[in-house]
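Shown next, in structure tokens, is the structure this report addresses.
Predicted model only: the values in this text are computed from it and were never measured. We name chains A, B, ... by the order of the sequence lines, and we start the count at 1 in each one.
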Amino acid sequence: MQPKLVRLSQYFLPTLREAPAEAQIVSHQLMLRAGMIRQASAGIYSWLPLGFRMLKKIEQVVREEQDRIGAAELLMPTIQSADLWRQSGRYDDYGKEMLRIKDRHERDLLYGPTNEELITEIFRAGVKSYRDVPKLLYHIQWKFRDEIRPRFGVMRGREFYMKDAYSFDINRKAALDSYNKFFIAYLRTFARMGLRSIPMRAETGLIGGNNSHEFIILADTGESQVFCHRSYLERDGMAVDDSTLEARAAAVRDWTRDYAATEDEHDIEAFSAIPEDDQVATRGIEIGHIFYFGTKYSVPLEAQIADESGANVPVHMGSYGVGVSRLLGAIIEARHDEKGIVWPAAIAPFQLAVINVKVADTACRAATERIMQQANNAGFEVLYDDRDQRAGVKFAEMELLGIPWRVVVSPKALATESFEVTKRRSGVIQNLGLEAIVPFLCKQFGR
RNA sequence: CGGGGUGUAGCUCAGUCUGGUUAGAGUGCUCGCUUUGGGAGCGAGAGGUCGUUGGUUCGAAUCCAGCCUCCCCGACCA
């Protein structure tokens, strides 16, 4: 757990007034300016306290939605032995993108770009019967893909933090229900982060398989061209019934009924059939990808279980990824203005920024402490700018950081018993008495 | 990996073409005075093996060669 009250004087938040020249897109620029990351080498970043805090926030939302559908969390290593990869045939297929390492005994190791082989082996060793499935397993771990050209900051790094989940089922029908569970979990995950995600038919790439969706958010700076029906812009990812197998299938049918495809899978004819006013052609960022790939790995890796007749059959599998570190960049691409980041309230690093414009003043300090105490007690996370800085600097920095709500404590506010509470996104100001601030925030957050 | 750039203070950049005092500016940082609710003002400072190795030269940030780094375009990709 991250601390709920952070004083800027004690934090490590090296902000920049100007964006470093290496950053081309706005999310990368803002992450550097807000002191969230520092590049260690091409496509590899250190996560400074604020960036790390955000990473944990996003990770936690992802985790809660995985847990909700009954997936069990585990942790696999970053370094893997080449043996399993030779068995699946991917040691050669993967090419230079996979970072290969030799240990002191000249054994071939690799820094995992993904984990299908390892999870299949784990499953194989532990499960023998149809009675033990379905099993949904996931982990959240660092991965490495030696991209030819890393770019866009954490959106396209070489080292990245990713949740990947794997499903194991007795047959195709059951496997597709697992697929649907993850499909819905992703709708909810991204909706909770304030993102409008659109499931699009996708290529299956190196993972293989024949049923696959990419979850895309629309952003002008997106990496790929996407096409979809306007209906997707109004849908609510949280309003999905997933209580039964039939309900899940119906929900996924409903969410895949209208046209939505990335450039690679684009069908110009089908797209043209949509009324022109409903055609949306824009750019998008991929934030999640789900696959059903059947027995592609269970056959070569001999992951078999006994069915009801006692016969050993290969399990049907799927895999489901969310780029956790990439999501930071994606969210900022979707949520920023000319002043800086605008975090969605549900995942903001702090819900409340407190600016004390006169830290030397005893009464100001006392009022500040009282507000923060109440806010903490109400469950809010608070970032307090207690530095001896000019007000303008404090305002500009808090806006850069994108904290949803800001309260300003000053001698003037104390004298008039009227404190400014400002919403970052709209800039709308409420003037409230000291004791009314936290109750007001509780109401805003529906608490 | 092909093509094109780049590397000088924490950050943004000038200086290189045309070699020549002690390498500059803005911003950030430190100190003092002033200011005090929108990245303030004045003054004084600290901060650089000019990416690196070698070469040319009386003399190299500057010219030449190798290597490295980072960025952009393309192919690849969560």
Can you measure [X] atom [atom1] to [N] atom [atom2] for me and round it to whole angstrom units?
X: R406(A); N: G38(B); atom1: CZ; atom2: P; answer: 11 Å
X: L16(A); N: C29(B); atom1: CG; atom2: P; answer: 11 Å
X: I290(A); N: A78(B); atom1: CD1; atom2: P; answer: 14 Å
X: E263(A); N: C77(B); atom1: CD; atom2: C1'; answer: 14 Å
X: Y45(A); N: C70(B); atom1: OH; atom2: C1'; answer: 10 Å
X: R156(A); N: A75(B); atom1: CZ; atom2: C1'; answer: 11 Å
X: I355(A); N: U36(B); atom1: CD1; atom2: C1'; answer: 15 Å
X: E147(A); N: C1(B); atom1: CD; atom2: C1'; answer: 14 Å

Paired with [N] by Watson-Crick or G-U wobble geometry, both distances under 3.5 Å: which nucleotide is it?
N: G54(B); result: C64(B)
N: G43(B); result: C31(B)
N: G74(B); result: C1(B)

Pairwise [atom1] distance, [M] and [N] [rounded to whole Å]:
N: C50(B); M: A60(B); atom1: P; result: 12 Å
N: A75(B); M: U6(B); atom1: P; result: 24 Å
N: C63(B); M: G5(B); atom1: P; result: 15 Å
N: G28(B); M: C42(B); atom1: P; result: 12 Å
N: G26(B); M: U36(B); atom1: C1'; result: 25 Å
N: A40(B); M: G48(B); atom1: C1'; result: 29 Å
N: G39(B); M: U22(B); atom1: P; result: 41 Å
N: G20(B); M: A61(B); atom1: P; result: 10 Å

Contact class for [X] (heavy atom, under 4.0 Å): base, sugar-phosphate, or nothing?
X: A19(A); result: sugar-phosphate
X: Q24(A); result: sugar-phosphate
X: R387(A); result: nothing
X: V322(A); result: nothing
X: S41(A); result: sugar-phosphate
X: Q39(A); result: sugar-phosphate
X: K358(A); result: nothing
X: A396(A); result: base
X: G157(A); result: base

Among [options], the one nearest [X] by side-chain distance:
X: V393(A); options: A78(B), U12(B), G39(B); answer: G39(B)
X: E286(A); options: A78(B), G37(B), C76(B); answer: A78(B)
X: E22(A); options: C1(B), G37(B), C70(B); answer: C70(B)
X: E420(A); options: C77(B), G37(B), C1(B); answer: G37(B)

For the base of [N], is there a side-chain donor-acceptor partner from [X] under 3.5 Å away?
X: R151(A); N: C71(B); value: no
X: E18(A); N: G39(B); value: no
X: Q389(A); N: G39(B); value: no
X: R158(A); N: C77(B); value: no
X: R390(A); N: U35(B); value: yes
X: R33(A); N: G39(B); value: yes

Measure from NZ or CZ of [X] to the centre of the six-membered ring of [Y] and say whether it is under 6.0 Å with the direction within 45° of the ring axis.
X: R158(A); Y: Y111(A); result: no
X: R90(A); Y: Y94(A); result: no
X: R424(A); Y: W343(A); result: no
X: R326(A); Y: F152(A); result: no
X: R7(A); Y: Y384(A); result: no

Under a 3.5 Å cutoff, is there a donor and acceptor pairing between the side chains of [X] and [Y]?
X: H213(A); Y: Y179(A); answer: yes
X: Q80(A); Y: W85(A); answer: yes
X: H289(A); Y: E286(A); answer: yes

Does [N] have OP1 or OP2 under 4.0 Å away from a side-chain N or O of [X]?
X: R17(A); N: G28(B); answer: yes
X: K96(A); N: C1(B); answer: yes
X: R149(A); N: C73(B); answer: yes

Going through the distances and angles, do F271(A) and H266(A) end up as a ring-ring contact (aromatic ring centres under 6.0 Å, His included)? CA-CA 8 Å; F271(A) 187 63; H266(A) 186 44; 5.3 Å; yes

Could you say whether S410(A) or M162(A) is positioned toward the 5' end of RNA chain B, judged by the nucleotide with the nearest heavy atom to each?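 Checking each residue's closest nucleotide, the 5'-ward one belongs to S410(A).
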
By a 5.5 angstrom centroid cut-off and a 30 degree plane limit, is there stacking between F395(A) and G37(B)?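 It does not: the ring fails the test against the base of G37(B).
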
